[in-house]
Amino acid sequence: MEAYTPMSVEEFRRAAHETVDWMADFLGSIEQYPVRSQVEPGEIMAQLPDSAPSEAQPLEAIMEDFKQIVLPGVTHWQHPSFFAYFPANSSYPSVLAEMLTATLGAQGMIWQTSPAATEMEQQVMRWLRDMIGLPAEFEGVIQDTASTSTLVALISARERATAFQVNERGFVETERLTVYASSQTHSSIEKGVKIAGFGRQALRQIEVDHEYAMRPDALRRALEADRAAGLVPACVVATIGTTGSTAIDPLAEIAAICKEFGVWLHVDAALAGTAMVLPDLRRFQQGVEHVDSYTFNPHKWMFTNFDCSAYFVRDPATLTRTFEIHPEYLKTKEGTAVNNYRDWGVQLGRRFRALKLWFVIRSYGVSGLQRVIRDHLELAQWVRSEVEASPEFELLAPVPLNTVCLRYRPDPAAPLEEINRLNAEIMERINAGGKAYFTHTKLDGRFTIRFVIGQTYTARRHVEAGWRLLCETARAVKRELG
Ligand SMILES: *Cc1c(COP(=O)(O)O)cnc(C)c1O
């Protein structure tokens with residue numbers, strides 16, 4: 001009996017060529033599409049049948065529906081005028097590698113299930129470690145997202161603080177572990193604290209200074225108070241490049257305090273880690289040689305398709321002791337002579353994610369990556385200078401990286417609520433138009449439009465057009481409302 005497949009290998013070849021042609025046409029003309037999807041809630045669902053087809057359908061029909069139904073419901077993260085959130089950029093070499101990864105369909109849970117997946121991951125993580133100036137004793141592993149990397153750090157810190165006893169017998173009443181992060185940290189820290197069993201109340205939100213960076217004196221006071229109360233400080237999470245405004249926590253001072261209190265120090269550099277390919281920017285992570293773990297997302301700003309989060313640890317033994325499992329059916333003769341990445345995180349099964357990083361790093365070269373990152377940083381400084389020169393706009397945070405936090409404030413005497421409403425309307429008007437996409441945060445109660453430059457295909461002309469659009473839309477909205 002032959003295996004049933006919906007197409008033959010020759011039909012696959014033909015369809016694949018056509019699909020690649022579509023992919024190149026799409027990426028080559030992506031500027032024609034609205035950046036933010038313009039559909040209403042439920043619009044896509046209404047076009048999808050209620051049940052699965054019982055009979056085979058031809059690929060042409062599936063592709064046609066992809067174009068007609070799916071595409072309008074996609075927000076185009078690869079559009080050069082995507083200035084929202086943080087980027088999740090990709091690149092031609094990354095897409096090619098993802099095609100190969102999908103074709104191999106290999107599973108990298110242990111060394112034997114694909115030795116190349118394991119050994120390439122080991123080596124590419126060393127490349128990355130050296131590229132961003134982390135200490136040579138660090139070892140890396142690819143996690144799916146920064147949320148998972150941080151969860152893994154929190155669980156490792158929990159185990160170190162309790163001599164691996166929570167893994168053994170769970171939390172007991174007498175153990176009250178605490179975790180510290182600034183009030184500007186990403187929501188994934190709180191989520192990790194909940195999942196890891198610390199409980200949300202164990203998370204201390206440390207005050208920030210006027211630049212939204214963690215205040216080391218406030219961290220010290222919180223640690224002292226908790227220790228005096230009989231609690232056990234287990235982990236501090238410092239952020240290099242907060243999601244709101246890319247604020248940079250003072251790592252060297254925080255590291256010294258963590259050392260003094262014997263607390264695990266985890267660094268969340270989800271976006272900013274990529275910028276560390278530029279040696280002069282490593283001033284932002286001074287003190288990194290003293291941290292216990294560090295994560296950054298090549299899937300954000302390093303031209304590598306989602307998902308790909310790099311997680312580095314000083315002491316892999318603590319990590320594997322926290323996560324290792326030894327079921328009989330996964331025992332192999334190689335044993336501990338090789339890395340078995342199932343023991344380096346939450347998942348058992350793992351995609352061959354190192355392949356796309358290898359394609360990207362080799363295709364760009366370190367110098368190519370440095371060049372593009374430098375371009376993005378320069379464009380952000382250009383926007384900053386435009387904002388500063390404008391009497392009607394104002395800057396709401398420093399611009400150390402690629403994100404400009406701004407608002408329109410033509411009348412300085414207007415009440416906060418009114419300025420907030422005005423800026424929310426300006427942003428919504430732009431996003432509904434589809435020419436560019438911005439998202440916001442709130443800084444000290446102020447509605448803040450974030451102008452983030454980090455898309456693979458973003459050129460100066462896109463940034464200039466984005467700034468012009470902001471200025472024109474702001475004035476139009478003001479005329480209408482005023
Ligand atoms: C984006 C971001 C995260 C979350 O990243 P995921 O990979 O989507 O989990 C965490 N921390 C910071 C600072 C971020 O900017």
Side-chain angles (χ1 to χ4, degrees), residues 75 77 82-90 94 128 132 140-155 179-196 203 205-206 208 211-214 235-251 254 265-276 284-285 288 291 293-312 345-347 350-351 353 356-357 373 376 380 397 399-405 439-441 443 448 450-455:
T75 290
W77 288 68
F82 183 98
F83 305 122
Y85 302 103
F86 277 154
N89 63 22
S90 89
S94 174
L128 266 189
I132 63 167
V141 55
I142 305 179
Q143 308 285 356
D144 51 9
T145 59
S147 301
T148 302
S149 295
T150 294
L151 173 64
V152 166
L154 287 166
I155 295 174
V179 176
Y180 306 77
S182 93
S183 56
Q184 291 288 315
T185 44
H186 191 265
S187 53
S188 57
I189 315 309
E190 181 180 321
K191 198 186 220 180
V193 163
K194 289 196 283 184
I195 300 171
L203 178 59
Q205 291 204 346
I206 306 301
V208 293
E211 295 191 339
Y212 306 105
M214 187 193 286
C235 187
V236 172
V237 180
T239 308
I240 310 286
T242 58
T243 315
S245 68
T246 64
I248 293 174
D249 290 345
L251 198 56
I254 293 170
L265 176 53
H266 173 62
V267 173
D268 176 1
L271 171 90
T274 294
M276 303 303 145
F284 293 139
Q285 61 179 21
V288 77
V291 313
S293 54
Y294 181 107
T295 187
F296 94 99
N297 285 349
H299 73 224
K300 271 191 170 152
W301 197 7
M302 206 181 256
F303 319 103
T304 305
N305 276 77
F306 191 89
D307 51 2
C308 184
S309 179
Y311 178 64
F312 295 96
V346 176
Q347 328 175 242
R350 324 176 66 248
R351 301 179 66 230
R353 297 193 190 93
K356 59 191 169 188
L357 263 176
I373 300 305
H376 292 165
V399 186
L401 295 166
N402 67 341
T403 301
V404 185
C405 291
T439 50
H440 79 286
T441 188
L443 294 173
T448 304
R450 297 163 68 264
F451 196 145
V452 183
I453 295 149
Q455 215 296 313

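Just so you know, ligand 1 is whichever comes first in the structure, and atom 1 is the first atom listed for that ligand.
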CA sep, side-chain torsions, deciding dist, call: F306, K300, side-chain contact (heavy atoms from CB on, under 4.5 Å): CA-CA 8 Å; F306 191 89; K300 271 191 170 152; over 6 Å; no

Short N or O contacts of ligand 1 with protein, under 3.5 Å, listed by atom name?
residue: ligand 1; atom: 7 (O); partner: A146; partner atom: N; Å: 2.8
residue: ligand 1; atom: 7 (O); partner: N297; partner atom: ND2; Å: 2.9
residue: ligand 1; atom: 7 (O); partner: H299; partner atom: NE2; Å: 3.3
residue: ligand 1; atom: 9 (O); partner: A146; partner atom: N; Å: 3.4
residue: ligand 1; atom: 9 (O); partner: S147; partner atom: N; Å: 2.9
residue: ligand 1; atom: 9 (O); partner: S147; partner atom: OG; Å: 2.6
residue: ligand 1; atom: 11 (N); partner: D268; partner atom: OD1; Å: 3.3
residue: ligand 1; atom: 11 (N); partner: D268; partner atom: OD2; Å: 2.6
residue: ligand 1; atom: 15 (O); partner: T243; partner atom: OG1; Å: 3.0
residue: ligand 1; atom: 15 (O); partner: K300; partner atom: NZ; Å: 2.8

Qualifying residue, where the test is ring pair (Phe, Tyr, Trp, His ring centres under 6.0 Å) with W77 and the options are F86, Y85, F83: Y85

D307/R351 ion pair, N-O < 4.0 Å: yes

Side chain to side chain donor-acceptor pair (under 3.5 Å) partners for H186, two or more places apart: S188

Flag side-chain contact, heavy atom, 4.5 Å: C405 against L443: yes

4.5 Å side-chain heavy-atom contact, M302 and F296: yes

